[in-house]
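Report on the structure given below.
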Amino acid sequence: MQEQLKTIVSECIKEAEKCTKEAEILEIKAKYLGKKSELFSLLASLKDMSVEDKKKYGSLLNKIKQELEQKINDCLEKINSKSKISFDPTLPIYEEYGSLHPITIVAKETTDILKRMGFTIVSGPEMEKEYYNFEALNIPSTHPARDMQDTYWLDNGLLLRTHTSPNQVRAMEKYGAPIKICAPGRCFRNEDLDASHENTFFQLEGMVIDENISISNLIYVMKGLLKEVFKQDVDVRLRPGFFPFVEPGFELDCSCLICHGKGCPTCKNSGWLELCPCGMIHPNVLEMSNIDTKKYTGFAFGLGLTRLAMMKYKIDDIRILNSGDLRFLKEFTGQED
Ligand code: DAH
């Protein structure tokens with residue numbers, strides 16, 4: 001029996017020392033100390049031994065049992081202490097805070113203002129169906145306006161949305177009229193990159209449909225929005241602009257915030273800054289989404305959030321916004337307050 005016990009001890013120790021995981025060591029414990037172990041049957045056989053043998057082997061077997069238990073507990077403790085992360089409470093706190101991206105800041109600011117005016121924020125997919133991005137916005141496949149927006153077509157038959165306007169259609173489909181929504185979001189166009197062109201940029205779509213909605217409502221909302229964004233009164237003017245989903249369509253300009261209309265390099269001496277395309281929603285668009293055009297009219301606008309952030313923070317190269325350059329982003333720590 002002595003030989004048998006020696007092998008049990010040496011094998012148990014060898015196997016326990018190899019373990020690297022708690023589950024492994026528990027398996028070893030069951031193998032060498034559990035009810036099906038050799039040691040367990042040896043201990044069980046004590047009761048059939050003579051009194052003398054009982055004395056002799058009883059204490060030996062119990063000693064070995066204790067020795068193996070100790071060994072296994074030591075190994076278990078070693079494994080557990082390795083998996084714990086050591087923590088030094090005396091280390092100084094790393095006081096570096098993250099910051100919001102400038103686009104996130106202006107998106108939050110503008111949508112907060114619109115929310116106070118009663119707009120609901122909605123969103124839609126960046127990977128969009130042709131129907132929502134073009135067709136339902138009165139841009140059939142033969143329409144030359146499709147060329148205005150160089151589209152990324154995907155292998156799965158979808159496209160990367162070229163503007164946030166598909167949100168108009170999705171919202172009309174889902175909620176019907178009357179409706180007052182805004183939708184900030186990322187858009188994509190296959191552009192050659194330079195200081196003022198990016199293939200990935202952000203817009204904020206707005207749409208109001210109700211009875212008796214007219215261009216004056218559009219001007220009122222836009223003036224209110226811009227006054228709060230720029231924290232000063234701004235003049236706005238509308239110039240004709242063409243977009244198939246609005247009729248009439250406009251380009252909304254605001255008085256130059258730098259020279260207040262006197263003329264400067266930023267506004268190219270015109271006194272005006274081009275800010276936001278907009279218009280009265282085309283009846284075809286309303287009809288395609290089952291809105292009763294005898295009862296309802298509406299306006300929509302597509303504010304360029306990227307452009308707005310560039311104006312607000314005087315950023316002269318659009319490419320920095322998507323660069324992930326931390327030195328640039330760090331400048332915005334605390335801006336959101
Ligand atoms: N979706 C247009 C674009 O990205 C911008 C636009 C124009 C949006 C007129 C509108 C609108 O809602 O009424 O070029």
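Counting starts at 1 for both ligands and their atoms, in listed order. Computed from a predicted model, the values in this text were never measured in an experiment.
With sequence neighbours left out, the side-chain contact (heavy atoms from CB on, under 4.5 Å) criterion links R116 to D112, I113, E228. Applying the side-chain contact (heavy atoms from CB on, under 4.5 Å) criterion to N217, with sequence neighbours excluded, gives I213, S214, F299.
The protein residues lying under 4.0 angstrom from ligand 1, judged by non-hydrogen atoms, are Q149, H163, S165, Q168, R189, Q203, E205, F243, F245, V246, P277, C278, G279, A300, F301, G302.
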Worked check of ring-ring contact (aromatic ring centres under 6.0 Å, His included) between Y313 and F332: CA-CA 10 Å; Y313 297 116; F332 295 91; 5.0 Å; yes
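The list of ring-ring contact (aromatic ring centres under 6.0 Å, His included) pairs with a residue in residues 245-284, not counting sequence neighbours, reads H163-F245.
With R170 contributing its side chain and G124 its backbone, the two residues share no donor-acceptor pair below 3.5 Å.
Atom NZ in K35 sits 13.0 Å away from atom OG in S41 (nearest 0.5 Å).
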